[in-house]
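Just so you know, ligand 1 is whichever comes first in the structure, and atom 1 is the first atom listed for that ligand.
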Amino acid sequence: MSEKPKNDLLGIRYLSAEQIQALYQLADRFWEVLQQPTRKVAALTGSTVALLFFESSTRTKLSFELAAKRLGADVLNFSATGSSLDKGETLLDTALNILAMGVDAFVVRHRGVGSAHFLAKHLPVPVINAGDGTHEHPTQALLDTYTLYRHFGRLEGLTLTIIGDLFHSRVALSHLHIAPKVGLSLRLCAPPSLIPALWYQLGYPIYTEVVPAVAGADAVLVLRMQKERQSYPPIASWQEYSRFYQLKPEHLRPGQVLLHPGPINWGVELHPALQAWPHTRILDQVTHGVAIRMAVLYWLLRG
Ligand code: NCD
């Protein structure tokens, strides 16, 4: 088990601007490692990382797994289906039992807001929040901004527009916290029913129409409708959502970078013709996610 003082990554809100820059620099180093033929370093040999995913995931789970393995760590994969949760075991008991097997860090995704914070309070090893309900998804905001940083060579002074389900998105909330720390100007765009009332007081420009929200922005991050958390369509119907809020090729100008955290619902939030947009960086986000998660794991376990 780790003998280092315990450190967690629960949200961007707890990171300083300096820590974020340090994580980008570590990611740069690991990016270089990933370009080598072996794509591996022995930085976390002897450590074990447990992935506790209580919600569906493709990118986040696999990229944490790959990041840990590229650093030489062992990975313990837990998935809620088929576990003793069916028999009434609690979240904490589940984690404590996995800890008893000899685990040095936990990566947790759970639909409960604050679930990673709860586990962090009770576990003696680092906990990484891989998405807690509608709250935060810190590594996604780190990899999105890292992708922009690698593309533009800087973040300071860039304008990023986020369009989509702001209300239910943990990605959006993590971006609200990261933007001022890295010097990004943020614009937010959604139907009024998907803009949390308190966000009007934060000082970010808020738009309810796509055209002015996107005009002149350096990059656009489009979010999926988080239907699993919505009790009714955000505007009269899904068809109307796509008609008024779908990003279409005619909204973009050459050079404007397109981002999406995935999974994408083509034809809902993104027009299918944008699959051919030359300035898309959506798969780069996935690639960079491995380097960012290597940086986070290394920082928490050895930093
Ligand atoms: C995001 C998530 O899970 O919050 N996806 C991801 O981590 N790649 C966004 C989403 O599910 O829409």
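Residues M225 and L194 form a side-chain contact, since some pair of their non-hydrogen atoms from C-beta on lies under 4.5 Å apart.
Every heavy atom of G131 sits 4.0 Å or more from the atoms of ligand 1. Under the 4.0 angstrom criterion for non-hydrogen atoms, R109 is in contact with ligand 1.
Per-residue contacts place P263 under 4.0 angstrom from the following atoms of ligand 1 (heavy atoms of the residue considered): 10 (C), 11 (O). Residue R224 has at least one heavy-atom neighbour below 4.0 Å for each of these atoms of ligand 1: 10 (C), 11 (O), 12 (O). Near Q140, meaning under 4.0 Å from any of its heavy atoms, are these atoms of ligand 1: 6 (C), 7 (O), 8 (N). Per-residue contacts place H137 under 4.0 angstrom from the following atoms of ligand 1 (heavy atoms of the residue considered): 2 (C), 4 (O), 6 (C), 7 (O).
Under 4.0 angstrom from ligand 1, there are no non-hydrogen atoms of E55.
Pairing each heavy atom of G164 with each of Y241, the nearest pair is CA-OH, 3.5 Å. When all heavy atoms are compared, the tightest approach of M294 to R70 is CE-CB, 3.6 Å.
Between the side chains of T60 and R109, at least one donor N or O lies within less than 3.5 Å of an accepting N or O.
Aromatic pair H271/H251: ring centres not closer than 6.0 Å.
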